[in-house]
Amino acid sequence: MVSTPAQPPYATHDVTNQAPPSAPYDASDDAALLEGLRREGAGWAEESIRRLGLRAGSAQAQEWGELANRHEPVLRTHDRYGNRIDEVEFHPSWHHLMRVAVAEGLAGAPWADGRPGAHVARTAGGLVWSHTDAGHGCPASMTYAAVPALRAQPELAKVYEPLLTSREYEPELRVPTEKRGLLAGMGMTEKQGGSDVRTNTTVATPSAEPGVYTLRGHKWFTSAPMCDVFLVLAQAPEGLSCFLVPRVLPDGSRNTFRIQRLKDKLGNRSNASSEPEFDGTVAWLVGPEGRGVKTIIEMVNCTRLDCVMSSATLMRKTLVEAGHHARHRGAFGARLLEQPLMRNVLADLALESEAATTLTLRLAGAADRAVRGDAGEQAFRRIATAVGKYWVTKRGPAFTAEALECLGGNGYVEDSGMPRHYREAPLLSIWEGSGNVNALDVLRALGREPETAEALFSELALARGADTRLDEAVARLRNRLAEADQTSARRLVELMALTLQASLLVRHAPAAVADAFCASRLGGDWGHSFGTLPGTAGLDAILERALPELS
């Protein structure tokens with residue numbers, strides 16, 4: 001008998017030319033982020049942001065994000081005895097993520113922090129901690145945004161604001177005033193209207209107790225239904241009004257908040273989004289009757305900023321993953337990083353990421369100063385947040401698709417994490433008003449609040465004379481304002497966004513970054529996809545700034 005020689009195990013399966021895991025890494029290792037943090041008045045928070053960045057990029061935190069999305073929330077409408085409970089169960093990783101977010105001040109804490117720059121520090125924290133998972137940022141964002149809206153009813157704010165600004169995370173449903181910290185959600189849209197909230201049919205009926213109503217109706221897209229309290233729009237006798245709805249009433253009984261189902265969403269899978277039904281649901285009026293939109297609009301302004309922040313974070317996260325892969329993967333006789341065309345793609349993505357991050361922090365700075373009474377910053381924030389929400393969130397899906405492609409087939413499989421980020425990206429353009437809604441909001445601001453246009457052009461004027469392409473774009477923008485209408489609204493807002501981003505980069509970024517951005521985005525020396533920067537662009541300098549580990 002002829003014996004065959006023993007074969008080494010997996011003789012045909014040696015693993016070579018594959019990138020190692022990207023974690024651990026430092027999610028705060030981003031020059032645009034740290035420079036913006038200091039520039040916008042929150043340099044005092046740099047140490048904590050760097051610490052949080054290391055934690056966000058750790059293998060443990062990255063695993064939390066992956067597990068929270070793999071093990072999705074589960075709706076429990078009844079307990080074992082048949083009692084209605086309407087609770088949502090989450091994987092422990094979700095609670096780990098939430099606990100860190102709340103403790104690090106990424107929910108309502110800035111409203112209790114008297115330091116200038118507190119809101120900027122929170123935004124910077126979100127830009128690094130959301131490298132883990134985007135879904136848990138939703139309840140943190142809504143809790144942050146609920147505080148200024150709740151202040152329209154001072155007696156309610158006195159009770160709830162200290163709990164909404166707490167850094168304690170207690171997920172169990174209990175009487176709100178018996179907890180050390182609360183989370184807030186909001187219920188605005190209904191199935192027949194969506195963003196057109198004035199078509200809402202939920203009815204609010206006054207009770208014998210002043211300021212207390214009962215609600216009957218439904219909501220179509222209420223995220224984070226496990227929150228303790230919600231700001232809800234409903235039709236009161238004097239018109240659409242805002243109400244505070246607690247999940248648990250002061251006597252310890254469950255308020256009627258029947259969760260009909262959880263949404264089966266494209267992305268944002270770690271976060272529960274629901275369709276709740278109200279039937280005799282007890283609610284407290286927030287602000288005057290008939291002024292519900294005006295009352296809750298401040299909440300929307302805050303959450304729109306967080307949409308910009310989340311899109312900028314996805315850009316940065318996927319750029320880091322693409323750069324890591326290019327550093328370790330070889331093709332056609334050289335590392336991907338050394339291939340000129342791949343360098344063009346990565347540098348183009350780096351420009352887009354820096355522009356998004358820089359604008360995000362400028363918006364956060366405006367929000368921080370507006371809270372402190374700066375009228376000019378209030379006007380700038382009013383228009384620039386809507387502009388940023390429209391443009392940065394629009395760029396997200398194309399950006400994440402290109403970053404995914406940098407990994408080739410490896411990026412298309414779930415293990416890479418890139419498909420999760422890709423599915424997440426479109427949400428930010430839809431949440432808090434789609435692109436059309438935000439573009440029309442810019443037109444509304446221009447028509448009703450002329451000081452907003454003045455504030456925008458005052459900001460652009462700070463870069464006047466620094467780049468002829470920018471100066472020419474600002475002149476085109478002035479001309480388009482005179483003939484702005486619905487049909488051309490998107491083109492107008494796009495030009496607003498690009499000139500604003502370019503002006504910030506011209507003033508604050510290295511010359512190579514500013515020049516390449518103006519040449520491509522404003523000067524027309526660009527193709528129709530990423531990786532089409534002009535040959536004169538300083539690709540090496542751009543990459544060294546964005547991804548220094550690649551140099």
Backbone of Trp129 reached by a side-chain donor or acceptor of Thr132 within 3.5 Å: yes
Residues in ring pair (Phe, Tyr, Trp, His ring centres under 6.0 Å) contact with Tyr160, at least two apart in sequence or another chain: none
Apply ring pair (Phe, Tyr, Trp, His ring centres under 6.0 Å) to Phe380 and list each qualifying residue two or more places apart in sequence or on a separate chain. none
Exceeds 12 heavy-atom contacts within 6.0 angstrom, atom CZ of Arg464: no
Pairs under 3.5 angstrom only: tabulate donor-acceptor contacts from the side chains of residues 286-296 to other protein residues two or more places apart or in another chain.
from   : atom 1 : to     : atom 2 : distance (Å)
Glu289 : OE1    : Glu238 : N      : 2.8
Glu289 : OE2    : Tyr213 : OH     : 2.5
Thr295 : OG1    : Arg291 : O      : 2.8

If you look only at pairs with a residue in residues 146-160, which of them pass as a salt bridge (Lys or Arg N to Asp or Glu O under 4.0 Å), with sequence neighbours excluded? Arg151-Glu161
So the ring pair (Phe, Tyr, Trp, His ring centres under 6.0 Å) pairs with at least one residue in residues 383-402 (sequence neighbours excluded) are Phe399-Phe530
Considering only residues two or more places apart or on different chains, which pairs with a residue in residues 301-313 satisfy salt bridge (Lys or Arg N to Asp or Glu O under 4.0 Å)? Arg122-Asp306, Arg304-Asp441
Between Leu346 and Gly323, the two heavy atoms sitting closest are CD2-N, 4.2 Å
Listed by chain and number, what are the ring pair (Phe, Tyr, Trp, His ring centres under 6.0 Å) partners of Trp220, not counting sequence neighbours? none
Suppose the criterion is ring pair (Phe, Tyr, Trp, His ring centres under 6.0 Å): which pairs have a residue in residues 470-529, not counting sequence neighbours? none
Hey, could you give me each pair passing salt bridge (Lys or Arg N to Asp or Glu O under 4.0 Å) that has a residue in residues 471-498? Not counting sequence neighbours. none
Salt bridge (Lys or Arg N to Asp or Glu O under 4.0 Å): which pairs involve residues 98-113, sequence neighbours left out? Arg51-Glu104, Asp113-Arg115
salt_bridge(Glu424, Lys265) N-O dist < 4.0 Å: no
Of all residues at least two apart in sequence or in a different chain, which pass the ring pair (Phe, Tyr, Trp, His ring centres under 6.0 Å) check with Phe221? none
Set of residues satisfying salt bridge (charged side-chain N to carboxylate O under 4.0 Å, His left out) with respect to Arg381, sequence neighbours excluded: Glu298
